[in-house]
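Comments concern the structure below.
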Amino acid sequence: MSIAEHLPKQYDPRDAQERWYPVWVDRGYFRADPSRDATPYTIVIPPPNVTGALHLGHALNNTLQDVLIRWRRMQGFDTLWMPGTDHAGIATQAVVEKRLFTEERKTRHDIGREALVQRIWAWKDEYEARILGQLRLMGCSCDWSRTRFTLDEGCSRAVRHTFFNLFQAGKIFRGKRLVNWDTQLRTAVADDEIEYKDTEGLLWTIRYPVTGSESEALLVSTTRPETMLGDTAVAVHPEDDRYQHLIGKTVTLPLLGREIPVIADAILVDPKFGTGCVKVTPAHDPNDYQTGLRHHLPQINLLNPDGTFNENAGPYAGLDRREVRKRVVADLEAQGLLVKTEPYTNRVGYSDRSKTVIEPYLSDQWFVRMGDDPDGSPGFAQQAMDAVTSGRVRIHPERYAKSYLDWLGEKRDWCISRQLWWGHQIPIWYFDGELDALEAALSGAEGVSWAPAEGGGWLVCALDDQLIQGHSDRLGLRRDPDVLDTWFSSALWPHSTLGWPEPTPELKKYYPTSVLSTARDIITLWVARMVIFGQFNMGDVPFRDVYIHSVIQDGDGKRMSKTAGNGIDPVDIIETYGADALRFTLASSATETQDLRMPVERVTDDQGRIATRKAPGQPIEFVPADLAKDLPKEQFVNTSKKFEEGRTFPNKFWNAARFALINLEGYTPGPVSPDELAVEDRWILSLLRRVSAESTADLEHFRFADLARGLRDFTWNEFCDWYVEFIKARLRDDETKAVAQRVLATVLDGLCRLLHPVMPFVTESVWQAMGSVAKARGLPEPTEAAESVCIAPWPSYPDSWNDPEAEFDVAQWQEKVAALRNLRAERDVPRDAKIEPILIAQGRAAEALARGASSIRALVGAGSVSVVPSADRPAESAVAVLADAEIVLPLAGLIDPKAEIAKLSKSRADLEKQLGGVRSKLGNASFVARAPAEVVQQQRARLAELEAQLAAVSSRLAELGG
RNA sequence: GGGCGAUUAGCUCAGCGGCGAGAGCGCCUGCCUUACACGCAGGACGUCGGGGGUUCGAAUCCCUCAUCGCCCA
């Protein structure tokens, strides 16, 4: 008994995962080496945010990145896959604040900035460890020695330098702007962080009396009546005859009694909508804000940061916005100024993070200028657009370039300040004194810069806290409490992780990175901004290719999410099916479509109880179905049948390898000359060369599904189903054994390498097992195999292996074997009956069949196979008529003439139908005239074939008297 | 409202101008044939969302309608 025979019949994914991953890490295969003289290939991981554990979308993205990295590593590149996580400012602070509130009933203001930040760091440590652990379980070959975090020292330094440089370059400004305000989190949120939902509400119509008139009034409609307190005008259309006479007059604002002008504005007002009058609240509506700027209207801010109304609301000051609405409506009604109330559906913005209604809010914010410079030279947005239109950055699939360009084309300034405690604090100090004092203290200081503030005073920016600490108290500097938008630090990721602003060897070698793989929803948030900051800091784009992967949905086309209860934890899949299965399935699913459906099922035990767990990573508990109903949906453990396919394939490969290893008993390495090869050897090598070339091309073009499918089909449908069967007899014969073993070892070796990027664990297991039996292998000359398939060279076989003759031969054998098996099955021939089929063929087909007679015999379980140019057909025989051959299977005693006649008649009808189609095509003069010659020729050949088949079938029928 | 995408076998998806539309899963019939029952052999199942058009030829290109998903206003 050899070692090979002790390999388990079923592949054990867990064993392989636990065995090989630590070996790879210990041997340093994943480490990049800037001093190595090899072309770099770099991917920076899209840093998962530390809010929660990874889901299937991350699993997909990271699988694909690992496939690319492993492939390039095998190609000999100096590969760097930079891992790390993102602090996700608002999201992480929100989950920690939520937990603080549910567990202790406290808000962040109760415990203070320092304590909250400390708690968030603890959360971060926990989730970072979980996330990185998930990546390791998946087999990701990141360079862990370089793991980074967007708030770590190096990234913080990069943020600081970037901010400082932007400040000096005049790209940063502070201003009062209408922002999207989250009243619960008390912060501005970006446009992208708002989710709009159609909401059933009411439309109130309010009467604004014309000042000094007893009877005349303007009627305005609004979905937010409380904002009337901040109205500073009423607008009408300049050409609206109804109100011409009132333009320039004033109306009296109800409740507050303020006189506000009636203005004419053609942009804001649609005279056909409602009454044709619009209230203008510049501080609380984006359109009104613009209108206010056009007409120089005052901006009256009504809100406090927490959503209560301020002193500008007069008697309503101190009340919550919802309460103000109630009272305003009631008071208007009491005064007879409420004209009507009707149901109305409008789109309301909700914060992605807190799920509360977003308020447009006028506040001081920091911005990065995106537009072009006053002299017309391209600004940040334009530069980022140019990077893509010029082809310096290529986006795949190409269609996504459009959304990138459309969004950047708006050139909207980027609001980078967040009123949070978790993040990079803005390095700005306010100085209220005179310029002289500032200059006296700071002039000549490196890394300190200042500029006049919008509302008077000065803004001081420092590269380092220490540079300013000494002056801070003396000058009475106040630091801005805000932090930067998370995407500010993420935008630096491709160079900050490589050591920028230091001129490190890493930065020199690995920037620009090679590929960025990410999801389409952050093309604008992240990809565009990386291009902007990459070009600003590094003078070059951050990556050459951007690959956008599909979004995974559940079986109903719903986006997966924890709260919807339809999410799948990749770790659950790994536990049930194995990491290779997860990876193979995801890679197979990675087509060019934008969505990918993954039918989701609950995990149940054999008693129908439902698997649940308190949180990701916690142990599973099975709960009876009726009890499970009441549990939060995010506690269910989900799975998907989709991964079955991924489980069977590694097992199939494992068993093919077992077969090979068992049969490599007595293997001796040695050269094989081409004339020693059997037809089937030449055939499988020809196919191996092709699948290898195709796999390389698939990887070059991000065709992951094609890659997975091509390799699976070759492995299963050609190598296992045919080649292994063809050589079984040769392996039992000492005369022929050696060559068959050498070819077998070569093909298995190639498969290990080709499959390794997708299925690293099973291929390493096989590779190591092979190492003990056939360490030296390959054709025509064997060479010593690498110590791990991770670092084995990616295959590239000589074109001379391409062998159309061998492929023709084997195709002949396969077709005839299939036909014979079909005859056997249809006629219920017992499995152990030794049939003696006759293959009637001429010419090239006959030669091919003669060469393969013994293979065919073995594969159909025949006693003998004869190949003849013509033959009398025994009366009791089953017959199949193929395009270039007739197969006769004598079956004395097993043939029912009636059934034979029926089958042949069906076959004849079929042929006649097909003939009809071909004849009508060829009978069409314009087809013959206009179609390409080879297409016409093809049809003619087919006509001849079909006619011959029909003749054979008819003659057989005649013999049977049918 | 604008844009992107999808609609092909029961399910998930390939195919994107030229033989007779494919795969995996599922289904049916035989098989534990000393690599594999996570398997082997055989089989059934599709007016390629509807309607127009272009073409010698359309699942594939164009128009239109319908349904669904996503993004942006």
Side-chain angles (χ1 to χ4, degrees), chain A residues 4-5 7-11 13 191-192 196 286 347 397 399-400 402-403 406-407 410 519-521 523-524 550-551 553 555-559 577-578 581 585 588-599 640-663 703 705-706 708-709 712-713 716-717 720-721 724-725 728 817-818 820-832 858-861 883 910-911 913-915 917-918 920-932 934-943 945-946:
Chain A
E5 284 166 86
L7 295 172
K9 286 169 74 163
Q10 275 188 15
Y11 169 58
D191 295 343
D192 313 72
Y196 291 93
R347 272 171 31 98
R399 66 182 123 92
Y400 291 116
K402 191 171 152 46
S403 38
D406 285 351
W407 184 81
E410 294 180 23
R520 67 171 179 274
D521 51 344
I523 292 174
T524 55
S550 317
V551 168
Q553 305 176 331
D556 301 319
K558 297 280 180 298
R559 198 191 178 97
Y577 298 100
T585 303
S588 307
S589 310
T591 58
E592 278 213 356
T593 50
Q594 62 176 20
D595 305 316
L596 192 167
R597 285 189 188 196
M598 190 77 70
S640 178
K641 272 259 160 57
K642 266 278 213 181
F643 293 96
E644 292 283 350
E645 181 192 354
R647 161 158 59 183
T648 55
F649 182 51
N651 189 60
K652 183 70 180 179
F653 178 63
W654 172 255
N655 274 292
R658 272 184 74 222
F659 169 86
L661 292 164
I662 292 166
N663 285 283
R703 294 186 301 239
D706 292 347
R709 185 174 170 161
R712 182 201 177 279
D713 287 352
W716 202 314
N717 303 345
C720 292
D721 286 353
V724 162
E725 297 302 327
K728 275 180 176 169
V817 166
L820 277 163
R821 283 173 173 168
N822 175 284
L823 287 179
R824 280 195 78 133
E826 284 196 337
R827 270 66 172 190
D828 290 327
V829 178
R831 202 167 61 80
D832 48 359
L859 266 62
V860 301
D910 212 43
L911 287 165
K913 193 178 152 206
Q914 289 179 44
L915 265 170
V918 176
S920 80
K921 231 179 208 179
L922 287 167
N924 180 344
S926 65
F927 171 74
V928 178
R930 299 199 194 199
E934 69 261 27
V935 174
V936 177
Q937 187 43 46
Q938 232 169 27
Q939 290 302 312
R940 292 220 168 97
R942 178 153 164 71
L943 178 72
E945 233 171 50
L946 287 169

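The chains referred to below are lettered A, B, ... by the order of the sequence lines, with proteins before strands, and numbering in each begins at 1. None of these values were measured; they are calculated from a predicted model. Heavy atoms only: backbone and side chains are in, while hydrogens, waters and symmetry mates are out.
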Relative to the ring of A:W716, is the ring of A:F649 parallel (under 30°), tilted (30 to 60°) or perpendicular (over 60°)? parallel
What stems show up for RNA chain B when you take Watson-Crick pairs (N1-N3 plus N6-O4 or O6-N4) and G-U wobbles (N1-O2, O6-N3), both under 3.5 Å, and require three or more consecutive pairs? B:1-7 with B:66-72, B:10-13 with B:22-25, B:27-31 with B:39-43, B:49-53 with B:61-65
Which whole number of Å gives the distance between the [atom1] atom of [N] and that of [M]?
| N | M | atom1 | value |
| --- | --- | --- | --- |
| B:rG22 | B:rG5 | P | 28 Å |
| B:rG46 | B:rA9 | P | 10 Å |
| B:rU55 | B:rU60 | P | 16 Å |
| B:rG69 | B:rG51 | C1' | 24 Å |

Name the nucleic acid region contacted by [X], choosing base, sugar-phosphate or nothing; use a 4.0 angstrom heavy-atom cut-off, strictly under.
| X | result |
| --- | --- |
| A:R942 | base |
| A:P650 | nothing |
| A:G555 | sugar-phosphate |
| A:R520 | sugar-phosphate |
| A:T593 | sugar-phosphate |
| A:S588 | nothing |
| A:R831 | base |

Report the residue (A:R399 or A:A660) whose heavy-atom-nearest nucleotide on RNA chain B is the more 5′ of the two. A:R399
Closest-nucleotide ordering on RNA chain B, the 5'-leading residue of A:E410 and A:E645: A:E645
Using only side-chain N and O atoms of [X], determine if any of them is under 4.0 Å from OP1 or OP2 of [N].
| X | N | result |
| --- | --- | --- |
| A:K652 | B:rC38 | no |
| A:K921 | B:rG20 | yes |
| A:W716 | B:rC40 | yes |
| A:K728 | B:rU33 | no |

For the pair A:E725 and A:K728, find out whether any cationic side-chain nitrogen is under 4.0 Å from an anionic carboxylate oxygen. yes
First locate atom CD of A:Q553, then atom CG of A:D595, and finally report the distance between them rounded to the nearest 0.5 Å. 4.0 Å
